[in-house]
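Everything below concerns the one structure shown next.
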Number of protein chains: 2
Amino acid sequence: MQKDKRHRIMQAAEFLFGTKRVHEVTLEQVAQQADVGKGTIYLYFTDKEDLLFQTAVSGFDEMCQILREKAAQPGMFRERLLRTCAEIVEFFQVRRPLFRIVLSEGERVMESGGPGLRQRWRKRRQTMTEAVSELLEQGMAAGELRTDMPARVLAEYLLGLLRTRSWELEGWPESQRSHASVVDLFLRGATPSQAAPLSQQNERNH
Amino acid sequence: MQKDKRHRIMQAAEFLFGTKRVHEVTLEQVAQQADVGKGTIYLYFTDKEDLLFQTAVSGFDEMCQILREKAAQPGMFRERLLRTCAEIVEFFQVRRPLFRIVLSEGERVMESGGPGLRQRWRKRRQTMTEAVSELLEQGMAAGELRTDMPARVLAEYLLGLLRTRSWELEGWPESQRSHASVVDLFLRGATPSQAAPLSQQNERNH
DNA sequence: CACGACTGACTGACCAGTCAGTCAGTTCTT
DNA sequence: AAGAACTGACTGACTGGTCAGTCAGTCGTG
């Protein structure tokens, strides 16, 4: 019961900060939810801001971890891509509050955090994008991906699509937003095709 | 000098709320920036929350307005699509703070706002997406877009890509994230093609 | 002067952060 | 083994500062 408390505090923070606005969350609530005295929070975190930032960062790291693991598993490019995206989607779903914190905190840090924070954050973000873009580079090498855009850029777009799937399209039937359909859209684009979805394309123009 | 003040207050709010966190923005600051007494704010808005919400909503409406205008202009599908996306990108750039508010406020409202607010917000959002998805439906009718996904869903993905372009890819050279390249990615996808980008596609498989 | 738009000093609520005190557990002493 | 002495993790009542929201008063205009 020691690192345990730290962990419980962060869990509570993850939930609360991900559910309400920062200033609507009282450290007393966090303490209560973590079943810990308010003062205890200050044993592990310097202040509210620190708690928030650490929560965001640790969630981010966790996600990178999972991502790298999945992306690194052996297999053909498309197979790995599909698996990785499935994992991302899963993570977004299960850890929704965390996801929210990472999104909004990231924005905030990049916009108005000190240069130190900004640097730290940028590094993490890069780590995450890299996990995906390394995968995409494999696809490029295999001739399965266009090479006229940097892998990093493509990775951002792919992540953007996944985020849209989980965020804006929340509530739509799963069948219309399966991770497979996102990957398909990413790979094939929005133009029609009479051929098998994942292996061929046809021409069609105005 | 009457509706003028209301407008000035909203301008100041747009800037401040879009730059800092909500609780870091003092109504005194807003008043100062708007060159108005603090009390005046309460003549036009019931409270801080109301000011924030109205600012977000009005910005949203403004964007819908512009979008509908652009999307409704005559022309071939691809041409119109390109023009509309250019407009969105432009708007995101020029009104960055507003854009931030809309993003985070939207999230917040949908997550924890009352059902009344949520309903109002959903309606606006729908209006916006519809402007795009009507355009996409034209593309479908012309056989230029896949029809196995609802136009609404495709519209969300397209907007997601544009958001990624403006947000995550901020700082990248304009040449690597032109709105044309986003549209190209959306239409053609990420698979390679030796032919002219916007009119033909080739097959290539693993 | 009458009316209403406007102002900004004021107040009460709220909350981050503190710190004096508690007590479970551990080590020392006999 | 018993209990005395100590430790430091933990707590929560308290404090000082901040700020949303108020309202008594000012100003400008008709």
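We name chains A, B, ... by the order of the sequence lines, and we start the count at 1 in each one.
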Without decimals, in angstroms, what is the distance between [X] [atom1] and [N] [atom2]?
X	N	atom1	atom2	value
A/Lys5	D/dG8	NZ	P	17 Å
A/Ile9	D/dT11	CD1	C1'	12 Å
B/Leu52	D/dC19	CG	P	17 Å
A/Gln29	D/dG12	CD	C1'	16 Å
B/Ile41	D/dC19	CD1	C1'	12 Å
B/Gln32	D/dC19	CD	C1'	15 Å
B/Glu24	D/dG17	CD	C1'	16 Å
A/Leu51	C/dC15	CG	C1'	15 Å

With respect to the phosphate group of D/dT11, does any side-chain polar atom (N or O) of A/Thr40 fall under 4.0 Å of OP1 or OP2?
->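 The answer is yes; a side-chain N or O of A/Thr40 sits under 4.0 Å from OP1 or OP2.
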Taking only side-chain nitrogens and oxygens of A/Tyr44, does any of them come within less than 4.0 Å of OP1 or OP2 of D/dC10?
-> yes
[X]: side chain to side chain contact (heavy atoms under 4.5 Å, CB included) partners, not counting sequence neighbours:
X	value
A/Arg21	A/His23, A/Glu24, B/Val22, B/Glu49, B/Leu52, B/Glu105, B/Arg108
A/Leu117	A/Phe53, A/Val109, A/Arg120
B/Leu43	B/Thr40

Does a side-chain N-to-carboxylate-O contact under 4.0 Å join B/Arg165 and B/Glu174?
-> yes
Any ion pair linking B/Glu170 and B/Arg96 (charged N to carboxylate O, less than 4.0 Å)?
-> yes
For A/Phe92, which residues count as a ring pair (Phe, Tyr, Trp, His ring centres under 6.0 Å) partner, sequence neighbours excluded?
-> A/Phe99
Quick one: list whatever passes ring pair (Phe, Tyr, Trp, His ring centres under 6.0 Å) with B/Phe60, sequence neighbours left out.
->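 By the ring pair (Phe, Tyr, Trp, His ring centres under 6.0 Å) rule, B/Phe60 matches B/Trp121.
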Can you name the salt bridge (charged side-chain N to carboxylate O under 4.0 Å, His left out) partners of B/Asp61, sequence neighbours left out?
->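 Per chain and number, B/Asp61 pairs via salt bridge (charged side-chain N to carboxylate O under 4.0 Å, His left out) with B/Arg124.
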Please write out the pairs of protein N or O atoms and N or O atoms of nucleotides 24-30 of chain D separated by less than 3.5 Å, giving the distance to one decimal.
none

Within the sub-3.5 Å range, which N or O atoms of nucleotides 16-19 of chain C have a protein N or O partner, and how far apart are they?
| unit_1 | atom_1 | unit_2 | atom_2 | d |
| --- | --- | --- | --- | --- |
| C/dA16 | OP1 | A/Val25 | O | 3.4 |
| C/dA16 | OP1 | A/Lys48 | NZ | 2.9 |
| C/dA16 | OP2 | A/Leu27 | N | 3.2 |
| C/dA16 | N7 | A/Lys38 | NZ | 3.0 |
| C/dG17 | OP2 | A/Tyr42 | OH | 3.3 |
| C/dG17 | OP2 | A/Lys48 | N | 3.0 |
| C/dG17 | N7 | A/Lys38 | NZ | 3.0 |
| C/dG17 | O6 | A/Lys38 | NZ | 2.6 |

Give the table of side-chain donor-acceptor pairs shorter than 3.5 Å for residues 132-141 of chain A, with sequence neighbours excluded, one pair per line with atom names and distance.
| unit_1 | atom_1 | unit_2 | atom_2 | d |
| --- | --- | --- | --- | --- |
| A/Ser133 | OG | A/Thr129 | O | 3.3 |
| A/Ser133 | OG | A/Glu130 | O | 3.4 |
| A/Gln138 | OE1 | A/Arg80 | NH1 | 2.4 |

